[in-house]
Student: 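Input: one structure, supplied below.
It should be emphasised that the depicted structure is a prediction, and the values quoted were computed from it without experimental measurement. All heavy atoms count here, side chains included; hydrogens, waters and symmetry mates do not. Order of the sequence lines fixes the chain letters, A, B, ..., with proteins taken first and strands second; residue numbering starts at 1 for each chain.
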There are 2 protein chains.
Amino acid sequence: MTAATTLLAALEGSGHRTTGPRRIVAELVAGQDGAFTAVGLESAARAGGVHVGRATIFRAIELFESLGVVERVDLPAGDHAYVACVSHHHHHVICTTCGRSTEVEDVGIEALARTVGRRTGFRVDEHRLELFGICPDCQRVASGT
Amino acid sequence: MTAATTLLAALEGSGHRTTGPRRIVAELVAGQDGAFTAVGLESAARAGGVHVGRATIFRAIELFESLGVVERVDLPAGDHAYVACVSHHHHHVICTTCGRSTEVEDVGIEALARTVGRRTGFRVDEHRLELFGICPDCQRVASGT
DNA sequence: GCGGCGAATGATACTGAGTCTCAGTATCAG
DNA sequence: CTGATACTGAGACTCAGTATCATTCGCCGC
């Protein structure tokens, strides 16, 4: 839940207004504990009894993303999802069962990108690494009892 | 252009019918020389004067994908794109300027995935690595004349 | 505490990618 | 050639995401 605070702090710190709807979206994001989609947030809002316009949710997510406190990931199924994160470069491991995500500090992919650049002649500017698997909890559940 | 042959061969080899529309889609894919989107193929077909139903294009792409001769990638902009490839595990470097893509044989990401697994406790089953940059040709063009 | 300005909101209409259906057609085996 | 059936395509449909714009609200100065 302190995650919501982080999101709001980022808002204030960048000269954006801290409004009611944004506060709500921040809470929703913080309450997701993993990857979430825009549509998911929308229905979460409805389920929570609060009303926030669709456009506002999209705008809020977009804003959080531009502030670096939320990051876009593409699920294997092709959906556009997001995960809250603590900024700076890192990647995510996403549980395909429960959707929870964990951040992974740089594991040497920069070097890997350089290798690719050298090998192909490309100037590699950007990369996206997403890992999918089963989180410890779900493994425990899956492995009988 | 031999790429179209590869696609069609994969079709035949898997017990699927080699039909006119599929042939057309294969040609279109082969003629893209890089990443392409379903919509792009559709308009390419229209531009080429041939007519293939939207549904058919989507189905053909899906089929090629399931045969492993075409792979899905997600562009930084969030579009769903595809690239033709020669199957088995590898990754792509995609030029953000011209869209051309190059395959990269495994560069040690398996090890990287294992490291992540060890560090997070996740059982990493799947990963997606996409590299974006500027290809040699575009670099040349960009760097004055 | 009050007022004004501009940012933010949200209802709604719109866009466009991707899916589904189903009658008609084309492919391939026999 | 013929039948079984896989494939096709027109078009309706769904639904995520965007654009519009009048109204509201947060913030800042007073």
Side-chain angles (χ1 to χ4, degrees), chain A residues 7-29 32 35-67 70-82, chain B residues 7-29 32 35-67 70-82:
Chain A
L7 294 174
L8 295 172
L11 257 192
E12 282 182 55
S14 60
H16 290 278
R17 292 183 182 171
T18 310
T19 66
R22 282 179 180 167
R23 215 179 285 275
I24 293 173
V25 174
E27 296 283 343
L28 289 173
V29 169
Q32 292 294 315
F36 60 89
T37 62
V39 180
L41 273 199
E42 195 190 349
S43 48
R46 220 193 329 274
V50 291
H51 181 74
V52 183
R54 196 203 321 288
T56 303
I57 291 181
F58 279 95
R59 278 188 294 237
I61 293 176
E62 189 184 357
L63 182 56
F64 287 140
E65 191 191 357
S66 76
L67 294 177
V70 151
E71 200 168 288
R72 256 228 7 234
V73 296
D74 290 289
L75 266 30
D79 298 329
H80 293 165
Y82 300 83
Chain B
L7 294 173
L8 295 172
L11 256 193
E12 283 181 55
S14 60
H16 290 278
R17 290 183 183 170
T18 309
T19 65
R22 282 178 180 168
R23 218 179 283 274
I24 293 173
V25 175
E27 297 283 343
L28 289 173
V29 169
Q32 292 293 315
F36 59 89
T37 63
V39 179
L41 273 199
E42 196 190 349
S43 48
R46 220 192 330 274
V50 292
H51 181 74
V52 184
R54 195 204 322 289
T56 303
I57 292 181
F58 278 96
R59 278 187 294 236
I61 293 176
E62 190 183 357
L63 183 55
F64 287 139
E65 191 190 357
S66 75
L67 295 177
V70 150
E71 200 168 288
R72 254 225 14 230
V73 296
D74 290 290
L75 267 30
D79 298 330
H80 293 164
Y82 300 84

Student: How long is the straight-line distance from CG of A:Asp74 back to OH of A:Tyr82, given to the nearest 0.5 Å?
Tutor: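 A:Tyr82 OH to A:Asp74 CG: 9.0 Å, rounded to 0.5 Å.
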Student: Quick check: closest heavy atoms across A:Ala38 and A:Ile57, and the distance to 0.1 Å?
Tutor: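 Looking at all heavy atoms of both residues, the closest pair is O-CG2, 4.2 Å.
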Student: With a 4.0 Å cut-off on heavy atoms, is B:Arg22 in touch with a base, just the backbone sugar-phosphate, or nothing at all?
Tutor: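 Touches sugar-phosphate only.
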Student: Is there a side-chain contact between B:Leu63 and B:Leu11 (heavy atoms, below 4.5 Å)?
Tutor: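 They are in side-chain contact.
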Student: Hey, which of these two, A:Ala55 or A:Leu63, hits DNA chain C nearer its 5' end, going by closest nucleotide?
Tutor: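 Nearest-nucleotide comparison on DNA chain C picks A:Leu63.
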Student: I need the full list of salt bridge (Lys or Arg N to Asp or Glu O under 4.0 Å) pairs touching residues 37-55 of chain B, with sequence neighbours left out, sorted by first then second residue.
Tutor: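 Every salt bridge (Lys or Arg N to Asp or Glu O under 4.0 Å) pair that includes a residue of residues 37-55 of chain B, provided the two are not neighbours, is B:Glu42-B:Arg54.
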Student: In Å, rounded to the nearest 0.5 Å, how long is the span from CG of A:Leu67 to CD of A:Glu65?
Tutor: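 Separation between the atoms: 10.0 Å.
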Student: Which angle, to the nearest 10 degrees, lies between the helix axes at the two ends of the helix from C:dG1-D:dC30 to C:dG30-D:dC1, each defined by five pairs?
Tutor: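 Computed angle between terminal axes is 40°.
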Student: In residues 45-52 of chain B, which residues come under 4.0 Å of DNA chain D by heavy atom?
Tutor: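 Hits under 4.0 Å, by residue number: B:His51, B:Val52.
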Student: Indicate yes or no: at least one non-hydrogen side-chain atom of A:Leu41 is less than 4.5 angstrom from one of A:Gln32.
Tutor: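 Answer yes - side chains close enough.
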Student: Show your working on side chain to side chain contact (heavy atoms under 4.5 Å, CB included) between A:Val25 and A:Phe64 and close with a plain yes or no.
Tutor: CA-CA 10 Å; A:Val25 174; A:Phe64 287 140; 4.0 Å; yes
Student: What is the distance, to the nearest angstrom, from the CD atom on A:Glu42 to the P atom on D:dT14?
Tutor: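 Checked: the CD to P distance equals 17 Å.
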Student: How do B:Glu62 and A:Arg54 order along DNA chain C: which one's closest nucleotide is nearer the 5' end?
Tutor: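 Taking each residue's closest nucleotide, the earlier one in sequence belongs to A:Arg54.
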Student: Going 5' to 3' along DNA chain C, which nucleotides are the first and last within contact of chain B (any atom under 4.0 Å from a heavy atom)?
Tutor: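 The footprint of chain B covers C:dA17 to C:dC28.
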Student: If you assign each of A:Thr37 and A:Arg59 to its closest nucleotide in DNA chain D, which residue comes earlier from the 5' end?
Tutor: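 Closer to the 5' end of DNA chain D: A:Thr37.
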Student: With rounding to the nearest 0.5 Å, note down the distance linking OG1 in B:Thr18 to CG in B:Leu7.
Tutor: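 Going from OG1 on B:Thr18 over to CG on B:Leu7, the span is 11.5 Å.
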Student: Work out which heavy atom in A:Leu28 is nearest to a heavy atom in A:Ala45; give both atom names and the distance.
Tutor: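 Closest pair (atom of A:Leu28, atom of A:Ala45, distance): CD1-CB, 3.7 Å.
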Student: Which distance, rounded to the nearest 0.5 Å, do you find between the OG1 of A:Thr56 and the CD1 of A:Ile61?
Tutor: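 So the gap between those two atoms works out to 11.0 Å.
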Student: Quick test of your reading: applying salt bridge (Lys or Arg N to Asp or Glu O under 4.0 Å), list the pairs with at least one residue in residues 14-23 of chain B, sequence neighbours left out, ordered by first then second residue.
Tutor: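 Output for this query is empty, none listed.
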Student: Between N or O atoms, less than 3.5 Å apart, protein on one side and nucleotides 22-29 of chain D on the other: list the pairs.
Tutor:
residue	atom	partner	partner atom	Å
D:dG26	N2	A:Arg17	NH2	3.1
D:dC27	OP1	A:Thr18	N	3.3

